[in-house]
Colleague: 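Here it is, the structure, as structure tokens.
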Amino acid sequence: MTDKPNQRLAEKVAEQIEKDIISGGWVTGSVLGSASELIERYSVSRAVFREAVRLVEYQQMATMRRGPGGGLVVTEPDPGVVRNAARVYLRHAEVTREQLFEARTALELAGIVQATENLTESGIVLLKDALRVEEKFIEQGVTRGHARNLHRVIAELAENPAITLFVEVLTQLDQEIVQQEWDTGGADSEGQHEAAVESHEAHRAIVAAIIAGDAPLGQYRMRRHLQAIARLL
């Protein structure tokens with residue numbers, strides 16, 4: 001087991017590796033150096049370096065590639081892992097529906113403005129496709145699992161990675177809480193279908209406002225939609 005002084009030193013080395021990756025433009029696949037080169041660069045023991053590598057591999061910043069031409073290779077973080085970790089943390093922290101609503105509303109309203117400002121013809125296609133897929137699922141009797149797709153598309157059109165990440169986390173978490181309440185409360189399939197239809201109609205109205213270039217109207221409709229979701233419980 002790594003002792004505490006070595007652990008702290010390994011953490012500092014991991015932080016320096018992260019800084020080096022960022023300053024280098026985070027070029028996925030690039031090699032920061034061989035193990036011996038990096039041990040010399042950071043002036044640490046092999047044991048401390050191994051622990052630092054373990055930390056950056058866990059954080060999905062880089063991984064050690066063995067063999068000729070190997071070394072510490074820059075990797076691309078998996079956003080799915082990050083989203084899941086954030087979702088699990090919020091469940092553990094017992095985030096309330098009120099807190100979730102406040103955070104989600106702020107992010108989604110900001111996303112509406114940016115998505116409207118950045119909208120292109122290809123973006124319009126993505127929005128309409130999301131609505132068509134959603135409608136098809138509802139017609140097939142699928143009332144959950146797809147509703148957050150439209151919110152994800154709007155967040156992506158905002159072209160702000162922070163909004164995209166946290167909207168996906170909060171939307172998924174909100175949907176899980178709603179479904180949990182439905183399951184424990186014995187909500188019938190008819191009630192779930194009605195809620196899905198109402199959600200779809202709200203989505204159609206939001207998309208219409210975005211395509212029309214009316215961000216304030218889009219925000220108003222999004223706020224009403226999120227309030228309706230909150231009232232489900």
Side-chain angles (χ1 to χ4, degrees), residues 76-87 89-91 95 97-140 142-179 192-233:
E76 183 175 351
D78 181 354
V81 173
V82 177
R83 288 194 299 269
N84 187 59
R87 180 183 60 81
Y89 168 76
L90 290 173
R91 292 303 294 262
V95 64
R97 288 302 311 286
E98 292 77 12
Q99 292 169 331
L100 193 59
F101 174 78
E102 291 174 1
R104 185 177 173 188
T105 298
L107 286 166
E108 298 232 36
L109 295 188
I112 289 286
V113 174
Q114 294 186 29
T116 303
E117 293 176 349
N118 298 333
L119 193 62
T120 61
E121 288 300 320
S122 61
I124 292 174
V125 171
L126 289 174
L127 290 169
K128 291 182 176 180
D129 283 347
L131 288 176
R132 278 194 290 269
V133 170
E134 188 174 281
E135 183 175 18
K136 182 177 179 181
F137 273 121
I138 294 174
E139 289 174 351
Q140 294 174 346
V142 180
T143 59
R144 60 178 177 175
H146 58 78
R148 66 177 185 268
N149 182 53
L150 190 277
H151 293 265
R152 177 184 57 78
V153 171
I154 293 174
E156 290 179 348
L157 292 178
E159 298 179 4
N160 183 324
I163 288 179
T164 301
L165 173 64
F166 291 110
V167 162
E168 289 197 40
V169 170
L170 298 180
T171 302
Q172 181 179 356
L173 185 54
D174 203 22
Q175 183 172 294
E176 287 178 1
I177 293 174
V178 170
Q179 190 61 48
Q192 293 186 27
H193 178 77
E194 182 180 342
V197 171
E198 291 178 359
S199 178
H200 178 63
E201 290 305 314
H203 285 174
R204 288 175 63 87
I206 293 167
V207 168
I210 293 174
I211 293 177
D214 194 338
L217 179 59
Q219 288 183 307
Y220 170 74
R221 290 174 174 174
M222 177 63 81
R223 183 184 294 275
R224 288 189 58 187
H225 173 47
L226 296 179
Q227 289 173 335
I229 295 174
R231 285 196 298 270
L232 283 175
L233 303 182

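Residues: numbered from 1 along the sequence shown. Quantities reported herein were computed from a predicted structural model and do not represent experimental measurements.
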Colleague: Please find the pair of heavy atoms, one from A196 and one from I138, that lie closest to each other, and give the distance.
Modeller: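 Residues A196 and I138, closest heavy atoms: O-CD1, 3.5 Å.
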Colleague: Rounded to the nearest 0.5 Å, what separates atom CG in D129 from atom CG in L150?
Modeller: 11.0 Å
Colleague: Do you know which two heavy atoms are closest between I112 and A215, and how far apart they sit?
Modeller: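 I112 and A215 have their closest heavy atoms at CG2-O, 3.7 Å.
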Colleague: Would you call the rings of H151 and H203 parallel, tilted or perpendicular, where under 30° means parallel and over 60° means perpendicular?
Modeller: perpendicular
Colleague: With side chain to side chain contact (heavy atoms under 4.5 Å, CB included) as the test, pick out the partner of V95 among R97, Q99, E98.
Modeller: Q99
Colleague: Provide the closest heavy-atom pair for V169 versus R87 in the form atom of the first, atom of the second, distance.
Modeller: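 Between these two residues, the closest heavy atoms are CG1-N, 4.0 Å.
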Colleague: Could you walk me through whether Q172 and E168 pass the side-chain contact (heavy atoms from CB on, under 4.5 Å) test, one step at a time?
Modeller: CA-CA 6 Å; Q172 181 179 356; E168 289 197 40; over 6 Å; no
Colleague: When you compare the side chain of L157 with that of L127, does any pair of heavy atoms fall below 4.5 Å?
Modeller: yes
Colleague: Is the backbone N or O of A205 less than 3.5 Å from a side-chain atom of R221, with the two atoms forming a donor-acceptor pair by type?
Modeller: yes
Colleague: Of all heavy-atom pairs between G111 and A158, which one has the smallest distance, and what is that distance?
Modeller: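 For G111 versus A158, the nearest heavy atoms are O-CB, 3.8 Å.
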Colleague: Kindly compute the distance separating CD (Q140) from CD (E135), expressed to the nearest 0.5 Å.
Modeller: 11.0 Å
Colleague: Side chains of M222 and Q219: closer than 4.5 Å at any heavy-atom pair?
Modeller: no
Colleague: If you define the side chain from C-beta out and look only at heavy atoms, does anything of R132 sit under 4.5 Å from K136?
Modeller: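 SC-SC contact between R132 and K136 ruled out.
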Colleague: Check whether more than 12 heavy atoms from other residues, nucleotides or ligands sit under 6.0 Å from atom CZ of R91, and answer yes or no.
Modeller: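 Enclosed.
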Colleague: Which heavy atom of I211 sits nearest to which heavy atom of L119, and what is that distance?
Modeller: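 For I211 and L119, the tightest heavy-atom pair comes out as CA-CD2, 3.7 Å.
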Colleague: Please confirm whether the backbone N or O of A155 pairs with a side-chain atom of T164, one donor and one acceptor, at under 3.5 Å?
Modeller: yes
Colleague: Contact between L173 and R104 at the side-chain level, heavy atoms closer than 4.5 Å - yes or no?
Modeller: no
Colleague: Counting neighbours of CZ on F101 that are heavy atoms of other residues, nucleotides or ligands and sit closer than 6.0 Å, is the number greater than 12?
Modeller: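 Enclosed: over 12 neighbouring heavy atoms sit under 6.0 Å from CZ of F101.
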Colleague: So do the side chains of L170 and D174 get within less than 4.5 Å of each other, counting heavy atoms only?
Modeller: no
Colleague: Hey, does V167 have a side-chain heavy atom less than 4.5 Å from the side chain of R152?
Modeller: no
Colleague: Can you tell me which residue among I206, I163, T171 is in a side chain to side chain contact (heavy atoms under 4.5 Å, CB included) with E108?
Modeller: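 Answer to the side chain to side chain contact (heavy atoms under 4.5 Å, CB included) test with E108 among I206, I163, T171: T171.
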Colleague: Considering non-hydrogen atoms only, spot the tightest contact between D214 and L217 and give its length.
Modeller: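 Nearest heavy atoms, D214 then L217: OD1-N, 3.1 Å.
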Colleague: Once you round to the nearest 0.5 Å, how far does CZ of F166 lie from CG of N160?
Modeller: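 That separation rounds to 10.5 Å.
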Colleague: Tell me if a side-chain donor or acceptor on S199 pairs with a main-chain N or O of A195 at a distance below 3.5 Å.
Modeller: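 No, the answer is negative, given that no donor and acceptor are paired below the 3.5 Å cut-off.
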Colleague: Tell me whether E76 at atom CD has more than 12 heavy atoms from other residues, nucleotides or ligands lying less than 6.0 Å away.
Modeller: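 Incorrect, the count does not exceed 12.
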Colleague: If you draw a 6.0 Å radius around CZ in R204, do more than 12 non-hydrogen atoms from other residues or ligands fall strictly inside?
Modeller: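 12 or below, so no.
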